[in-house]
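The analysis underlying the following values was restricted to heavy atoms, covering all of them including side chains, and did not include hydrogens, waters or symmetry mates. Residue numbers start from 1 in every chain, and the chains themselves are labelled A, B, ... in the order their sequence lines are given, proteins ahead of strands.
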Protein chains: 2
Amino acid sequence: MNDIKPPATDRSEPFQRLGEIGLSNFAPYLMNRLMGRYNADLRQEMAGLGLTTPKMRTLAVLSVIDALPISELAVYAVVEQSTLSRALEQLATDGLVRREPDANDSRVTRVVITDTGRAAFDQLWPTMARIYSQMFNGIPDEERAAFVETLRKMLHNIRKHDF
Amino acid sequence: MNDIKPPATDRSEPFQRLGEIGLSNFAPYLMNRLMGRYNADLRQEMAGLGLTTPKMRTLAVLSVIDALPISELAVYAVVEQSTLSRALEQLATDGLVRREPDANDSRVTRVVITDTGRAAFDQLWPTMARIYSQMFNGIPDEERAAFVETLRKMLHNIRKHDF
DNA sequence: GATTTATAATTGCAAATGCATATTATTCTG
DNA sequence: CAGAATAATATGCATTTGCAATTATAAATC
């Protein structure tokens with residue numbers, strides 16, 4: 001089992017069927033499995049901190065790029081805008097973020113992470129880092145770098161926003 | 001912007017912070033973005049066929065490996081067992097799958113895809129294949145193959161089941 | 001072989017989610 | 001510059017989700 005076939009090069013037909021490609025050769029399937037496991041593993045840890053996936057992602061993104069408009073944050077955090085709106089409500093109530101009106105465009109609300117918010121993410125980060133490191137266990141640095149580079153190309157291919 | 005740094009090789013500290021790695025170098029982030037887009041794009045198409053993500057994944061998996069026990073199907077389809085249980089209820093009502101008791105172990109229910117179920121998945125497949133092909137647009141075959149190979153290693157590293 | 005322990009699947013329930021819509025502010029067009 | 005189109009965010013609502021508990025069967029242990 002686990003027969004390894006290269007991706008199709010025959011373009012004479014519109015496309016192969018999934019059964020022909022095989023689940024273990026179908027990148028979206030593998031990525032969904034991988035991310036499903038990753039997110040499920042994290043969820044347990046987050047629950048202990050009173051966080052959900054959207055709330056955690058919000059903090060993760062803001063820990064890197066602070067003071068984003070809500071609409072951009074939704075893209076970065078991969079969360080529906082309406083879901084994010086409610087997640088921010090809770091995060092603000094708990095003092096992990098602040099909503100600040102944009103000076104130039106009064107439609108826009110920018111979200112700022114607080115020290116408490118950073119502290120909460122810092123508590124979660126070791127777990128994220130551990131799972132991350134476990135994922136790449138035994139995979140050489142050059143292979144990791146190539147993998148990430150391919151991911152970036154793919155994201156560029158299908159993303160709907162310039163960031 | 002978009003400064004490209006190789007993954008860390010300095011192991012003197014327990015781990016880098018996310019801000020140091022950068023979102024665009026952090027594989028789980030990129031994969032979540034990618035799969036978020038992929039799944040959201042598919043969802044629209046599925047809605048037209050009365051399918052949800054769990055229902056679609058069920059059909060996708062069964063189109064490749066039929067007659068799986070529900071518990072295994074949940075792993076392959078990356079769906080919580082309770083969610084799957086209800087998805088199967090709907091799929092069975094719509095005649096897309098059948099639940100069959102296992103002959104050897106009467107705790108087990110095996111799920112079988114029907115012709116109608118295959119037809120439904122066949123209707124969805126062109127869209128999946130199109131997005132799949134769009135994702136890999138401009139990426140050479142060797143790079144795709146290497147990418148999938150790395151994914152397989154990663155899944156092997158973090159999966160909880162032998163399949 | 002009776003009792004404990006483990007596994008498969010379902011279900012109750014509170015919470016989270018996504019879609020469509022509402023609301024307010026901005027930009028575009030004639 | 002008035003009116004229409006667009007954009008950012010919030011909210012109502014039906015559905016979905018995940019967790020915990022339940023039921024039913026099988027395997028392990030004594």
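The residue among B/T83 and A/S106 whose nearest nucleotide of DNA chain C lies closer to the 5′ end is B/T83. If B/T52 and A/R110 are placed on DNA chain D by their nearest nucleotide, the residue sitting closer to the 5' end is A/R110. Each of B/R99 and A/R107 was matched to the nucleotide of DNA chain C holding its nearest heavy atom; the match closer to the 5' end belongs to B/R99.
Rounded to whole angstrom, the span from the CG atom of A/D41 across to the P atom of D/dG18 amounts to 14 Å. Put simply, CG on B/D105 is 15 Å from C1' on D/dA28, counting in whole angstrom units. Note: CD (B/E80) to P (C/dA16) measures 15 Å, nearest angstrom. Rounded to whole Å, atom P of C/dA25 lies 15 Å from atom CD1 of A/I70. When the C1' atom of C/dC19 is taken as reference, atom CD of A/Q81 falls 12 Å away, rounded to whole Å. Protein atom CG of B/L84 is 13 Å distant from nucleotide atom C1' of D/dT17, rounded to whole Å. In this structure, the CG atom of A/N104 is 12 Å from the C1' atom of C/dT26, given to the nearest Å. Straight-line distance from the CG atom of A/L68 to the C1' atom of D/dA8: 14 Å, rounded to whole Å.
Nearest nucleotide to the side chain of B/T109, out of C/dA9, C/dA16, D/dG18: C/dA9.
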Evaluate the criterion side-chain contact (heavy atoms from CB on, under 4.5 Å) for residue pair A/L68 and A/V112; output intermediate values, then yes/no. CA-CA 7 Å; A/L68 283 170; A/V112 176; over 6 Å; no
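Within the 4.0 angstrom heavy-atom criterion, base atoms lie near B/R86. Among the protein residues, A/S71 comes within range of the sugar-phosphate backbone only, with heavy atoms under 4.0 Å from sugar or phosphate atoms but none that close to a base.
When ring centroids are compared, B/F26 and A/Y132 come within the 6.0 Å threshold. Two rings, from B/Y29 and A/Y76, have their centers 6.0 Å or more apart.
The residues B/D141 and B/R144 are annotated as salt-bridged, a charged nitrogen and a carboxylate oxygen being separated by less than 4.0 angstrom.
Counted within 6.0 Å of CZ on A/R17, heavy atoms from surrounding residues, nucleotides or ligands total 12 or fewer; the atom is thus considered open.
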